[in-house]
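Residue numbers begin at 1 in each chain, while the letters A, B, ... track the order of the sequences.
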Number of protein chains: 2
Amino acid sequence: MKHTRIATLLETDHLLQDYTVKGWVRAFRSNRFIALNDGSTLANIQCVLDFENTDEEIISKINIGAAVKISGVLKESEGKGQRVEIEVNEIEILGEADPEDVKKTILSPKRHSLEKLREQAHLRVRTNTFGAIMRLRSKLAFAVHQYFNTQGFYYVNTPIITASDAEGAGEMFKVTNLDLNNPPKTKDGKIDYSQDFFGKETNLTVSGQLEGETYALGLGNIYTFGPTFRAENSNTSRHLAEFWMIEPEMAFCDLDGNMDLAEDFIKYVLNYILENCDEDLAFLEERLLQEEKSKPEKDRSPMKLREKLKFVTENNFKRVSYTEAIDILKNSKPNKKKKFNYPIEDWGADLQSEHERYLVEKHFKCPVILFDYPADIKAFYMRLNDDGKTVRAMDVLFPGIGEIVGGAQREERLDVLKEKMKAIGIEEEELWWYLDTRRFGSCVHSGFGLGFERLVLFATGMSNIRDVIPYPRTPQNAAF
Amino acid sequence: MKHTRIATLLETDHLLQDYTVKGWVRAFRSNRFIALNDGSTLANIQCVLDFENTDEEIISKINIGAAVKISGVLKESEGKGQRVEIEVNEIEILGEADPEDVKKTILSPKRHSLEKLREQAHLRVRTNTFGAIMRLRSKLAFAVHQYFNTQGFYYVNTPIITASDAEGAGEMFKVTNLDLNNPPKTKDGKIDYSQDFFGKETNLTVSGQLEGETYALGLGNIYTFGPTFRAENSNTSRHLAEFWMIEPEMAFCDLDGNMDLAEDFIKYVLNYILENCDEDLAFLEERLLQEEKSKPEKDRSPMKLREKLKFVTENNFKRVSYTEAIDILKNSKPNKKKKFNYPIEDWGADLQSEHERYLVEKHFKCPVILFDYPADIKAFYMRLNDDGKTVRAMDVLFPGIGEIVGGAQREERLDVLKEKMKAIGIEEEELWWYLDTRRFGSCVHSGFGLGFERLVLFATGMSNIRDVIPYPRTPQNAAF
């Protein structure tokens with residue numbers, strides 16, 4: 001008899017029929033009530049055992065963490081807390097779990113810290129919290145693909161291993177196949193990369209944007225969704241050495257169109273999980289409420305999790321120029337009262353999360369898109385405005401988190417682009433192919449990047465980015 | 001006025017209205033007919049210019065490769081070859097393309113070899129062939145996500161950077177942040193990886209399977225779809241150093257269920273492109289026919305491209321044990337006549353592509369799933385059969401290509417798994433977390449891996465795997 005997923009069973013109207021379920025024991029109360037979970041959904045199904053007529057040896061093995069197969073009749077539940085339950089006819093232990101061993105793991109039924117859960121990242125997905133996070137992460141990823149597919153964007157897999165460091169977005173990891181204990185050397189004693197696998201020095205990509213642009217200038221609208229890397233020694237709750245990035249790029253699209261897309265896209269994917277993941281969201285919302293009780297009142301989020309998501313999906317994003325934002329911040333109360341860690345003094349300052357959050361949470365009370373940033377604090381490929389000092393960059397700012405999307409209209413003029421590259425020392429030969437796109441039918445085009453884990457962080461209400469990716473990579477940590 | 005995608009325009013019934021299109025000039029005939037393409041679809045839209053009333057300077061810039069904006073009325077076409085065309089009212093050159101420069105590129109209107117196109121991989125997506133391939137690749141990827149989402153599988157991003165080489169599927173790329181010209185050394189003169197970014201030696205993953213298993217044993221059904229790497233010096237038309245892999249994994253599922261899934265999944269995604277990409281498929285089918293004309297008759301494919309896809313979607317996959325397959329091959333004509341490059345002599349032989357293709361194309365005349373392979377030629381984590389010499393492995397074999405899917409029921413018994421690891425020298429400490437899954441509620445589970453580029457190769461009828469990924473990584477090549 002084929003087994004039925006618990007998610008299906010909990011929603012079916014076909015009661016009083018025989019079903020088989022397979023899952024892991026989450027609890028076993030009064031020698032009678034088994035709470036069984038198979039990961040398909042947050043809720044357990046309650047299986048009611050006929051203690052008198054069940055083999056003692058089997059009962060001794062119904063321990064937390066054990067895998068069991070249960071067949072029985074689905075009935076309306078007389079107890080509280082569940083609509084239906086299974087009256088067990090047959091139970092089989094598929095995989096035992098020794099209670100003494102379980103005690104040493106996070107499967108044991110007590111509160112474990114998130115740090116502890118991270119140390120057992122291979123087991124944490126079997127907890128309610130991480131089951132919910134990872135299901136939600138999966139649904140968000142699907143919403144991303146569904147959105148772009150529906151909108152006529154093509155998915156492009158840009159290369160992970162790359163020979164160029166043109167984005168200059170941070171330190172890169174080197175990729176090599178050389179015997180590092182005995183590497184080939186050139187005459188002047190340096191590593192001879194011409195003997196490496198690719199015949200030159202290679203790194204892990206920090207962004208697929210430049211390659212993405214080449215594809216947008218052929219296919220029209222494209223997006224990437226793949227892993228990117230930063231070898232930055234940042235041991236914070238917001239940085240990962242390996243994370244997944246979404247980067248759409250659109251030909252014949254200016255910054256306004258780019259802002260339209262960012263807003264529409266974000267609203268779509270968050271609406272998707274509001275509609276499709278309510279059970280997990282409700283659980284995570286409650287978890288957050290509990291967590292925040294331990295914080296001083298002023299540090300607590302003023303909104304509940306789903307409220308925060310709706311704050312984004314139901315408000316228009318306010319579009320504000322950088323210059324206007326600086327004015328607002330300069331004259332703001334926290335700035336005057338020196339409450340910002342980084343006081344805002346002059347135009348040209350790079351904004352910090354505290355400033356971004358002030359604009360969103362206190363000033364505008366809605367998501368904000370800042371645009372037209374100073375050229376000096378943005379990347380070389382962003383389109384220079386006629387004022388000669390700002391570029392057509394945009395950042396989308398969220399409550400509680402600050403910047404979540406960074407994008408720009410790209411510099412489509414060959415001469416301007418070449419000058420900017422020269423100014424920061426990028427050789428034309430290194431990016432000959434990128435410049436080619438400006439030689440052969442160049443056009444206005446735009447795109448943005450969204451760190452997927454930042455989005456999952458926002459959507460789940462978790463506070464450490466290590467808790468929203470299965471196996472986080474951070475300084476000193478590549479376990480599993 | 002917002003522009004309309006050409007794909008939309010070519011299908012609309014709203015004629016005699018004004019539209020604006022933006023795209024790249026593919027051809028300009030008789031100073032009158034512009035063939036415009038924007039990548040949204042294979043077909044160009046014909047734009048008919050009023051030569052007399054168009055500025056001469058503009059006309060001089062309507063060159064192949066140039067980006068233009070055209071506004072005009074959509075009308076039924078009087079000419080052959082298209083249903084509708086645009087009568088141009090306004091034309092603007094957005095980005096020029098110097099004809100002399102274009103001549104040096106693959107954008108020039110003549111036949112370029114696939115090798116030449118690879119050298120200009122940043123421009124090849126603007127050709128009909130690569131536009132078609134990359135749109136199809138994108139649609140196939142979406143079908144993958146859609147299939148698994150619909151079937152209740154959760155998408156899991158397993159780590160790219162990993163500290164374990166347990167799969168042992170081939171040479172791995174090293175990932176490091178050390179200054180290789182001046183690396184820290186241990187007392188005995190070796191590289192001191194404890195000072196590296198992750199505090200130990202790390203590599204690029206060859207498979208997400210082991211981590212995928214840990215998630216299946218919590219969420220039930222999961223799949224991965226991400227980049228994997230092989231540092232093998234294989235300069236063939238079938239190998240990439242960087243490629244994308246799809247790996248589903250199912251708890252409470254045996255080898256039969258695994259075969260069911262593989263067959264159902266492959267049929268779904270190929271049906272999806274048959275239904276959604278007919279124009280691109282028809283073009284690629286014709287391209288293949290032309291290409292095959294240059295081959296000797298015996299090397300040509302007996303089936304056209306879409307026939308080959310339907311051969312897979314419309315036939316039941318024949319399930320045959322390895323032992324039975326060896327018997328068939330041993331007694332086959334090509335074996336007796338010594339036509340195989342690798343003659344089949346004894347049970348235990350590893351099958352080559354020629355054998356797999358013989359089984360599919362000549363013997364069974366349908367896709368084949370071989371199962372129960374000799375343990376000696378398969379990985380340690382595959383479930384040992386009671387005969388003690390075969391494992392519950394399966395390979396799906398396709399016409400023209402041989403193996404396209406490799407999978408197995410996993411060894412769920414802790415003691416057997418430990419013994420097999422010991423036999424091949426994998427330390428238990430290295431895979432403590434993997435072994436934990438067999439300690440805490442272990443269960444029958446199965447999964448498979450599918451190299452995405454192999455699937456795209458099959459679906460597009462291309463013969464070199466470098467032509468189905470935007471920027472291929474191969475020995476001596478990490479350009480772009």
Side-chain angles (χ1 to χ4, degrees), chain A residues 3 5 22 24 38-40 65-67 94-95 97 101 107 122 125-126 135 138 141-142 145 149 152 154-157 159-161 163 173-177 180-181 190-191 197-199 202 211 214-215 218-220 227 231 242 244 252 433 436 439-443 470-471 473 476 478 480, chain B residues 3 5 22 24 38-40 65-67 94-95 97 101 107 122 125-126 135 138 141-142 145 149 152 154-157 159-161 163 173-177 180-181 190-191 197-199 202 211 214-215 218-220 227 231 242 244 252 433 436 439-443 470-471 473 476 478 480:
Chain A
H3 67 280
R5 295 170 80 228
K22 297 178 179 179
W24 295 274
D38 68 0
S40 63
L94 301 174
D101 289 341
L107 298 177
H122 63 304
V125 72
R126 288 167 70 173
R135 279 187 297 270
S138 169
F142 183 70
H145 287 295
N149 187 63
Y154 294 108
Y155 180 48
V156 176
N157 294 123
I160 310 299
I161 298 173
F173 287 106
K174 299 179 194 78
V175 175
T176 178
N177 195 30
L180 296 184
N181 280 308
K190 298 276 182 191
I191 301 273
F197 188 91
F198 295 109
T202 50
E211 290 90 354
T214 66
Y215 261 58
L219 294 180
E242 173 183 315
W244 286 68
F252 310 115
W433 51 273
D436 260 8
R439 284 190 186 102
F440 303 109
S442 185
C443 67
Y471 295 102
R473 267 60 184 119
Q476 301 300 313
F480 310 102
Chain B
H3 67 279
R5 296 170 81 225
K22 297 178 180 180
W24 295 275
D38 68 1
S40 63
L94 301 174
D101 288 342
L107 297 177
H122 62 306
V125 72
R126 289 167 69 173
R135 279 188 295 271
S138 168
F142 183 69
H145 287 294
N149 187 64
Y154 294 108
Y155 180 47
V156 175
N157 294 124
I160 310 298
I161 298 173
F173 287 105
K174 298 179 193 78
V175 175
T176 178
N177 196 29
L180 297 185
N181 280 309
K190 299 275 182 191
I191 301 274
F197 189 90
F198 296 108
T202 50
E211 289 91 353
T214 66
Y215 261 58
L219 294 179
E242 172 183 315
W244 286 67
F252 310 114
W433 50 273
D436 260 7
R439 284 190 186 103
F440 304 109
S442 186
C443 67
Y471 294 103
R473 268 57 183 125
Q476 299 301 311
F480 310 102

- Task: Check whether A:Ala478 gets within reach of chain B through its side chain, its backbone, both or neither, counting any heavy atom under 4.5 Å.
- Result: both

- Message: Under a 4.5 Å cutoff for heavy-atom pairs, which residue among A:Asn177, A:Leu94, A:Asn149 has the most contacts with chain B?
- Response: A:Asn149

- Side-chain contact, heavy-atom cut-off 4.5 Å: B:Lys22 with A:Cys443? no

- Side chain / backbone / both / neither for B:Thr202 at chain A, heavy atoms under 4.5 Å: side chain

- Note on the structure: For B:His3 and A:Phe252 the tightest heavy-atom approach is CE1-O, 3.3 Å

- Scanning both residues in full, the closest heavy-atom pair of A:Gly441 with B:Trp24 reads O-NE1, 2.8 Å

- So, do B:Phe173 and A:Phe173 have ring centers that fall under 6.0 Å from each other? no

- For A:Trp433, is it the side chain, the backbone, both or neither that has a heavy atom under 4.5 Å from a heavy atom of chain B? both

- If one checks every heavy atom of B:Leu107 against chain A at 4.5 Å, the contacting part turns out to be side chain

- Item | Heavy-atom pair count under 4.5 Å with chain B, highest-scoring of A:Glu242, A:Arg439, A:Glu211, A:Arg126 | A:Glu242

- Run the side-chain contact (heavy atoms from CB on, under 4.5 Å) check on A:Phe198 and B:Gln476 step by step: do they pass? CA-CA 4 Å; A:Phe198 295 109; B:Gln476 299 301 311; over 6 Å; no

- Query: Nearest heavy-atom pair of B:Ile191 and A:Leu180: which atoms, and what distance?
  - Reply: CD1-O, 3.4 Å

- If you tally heavy-atom pairs under 4.5 Å between each of A:Asp101, A:Val156, A:Val175, A:Ile160 and chain B, the highest tally belongs to A:Ile160

- Query: Between A:Phe480 and B:Thr214, is any pair of side-chain heavy atoms under 4.5 Å apart?
  - Reply: no

- Query: Does any heavy atom of chain B fall under 4.5 Å from the side chain of A:Pro227, the backbone, both, or neither of them?
  - Reply: side chain

- Item | CA sep, side-chain torsions, deciding dist, call: A:Phe142, B:Tyr155, side-chain contact (heavy atoms from CB on, under 4.5 Å) | CA-CA 8 Å; A:Phe142 183 70; B:Tyr155 180 47; over 6 Å; no

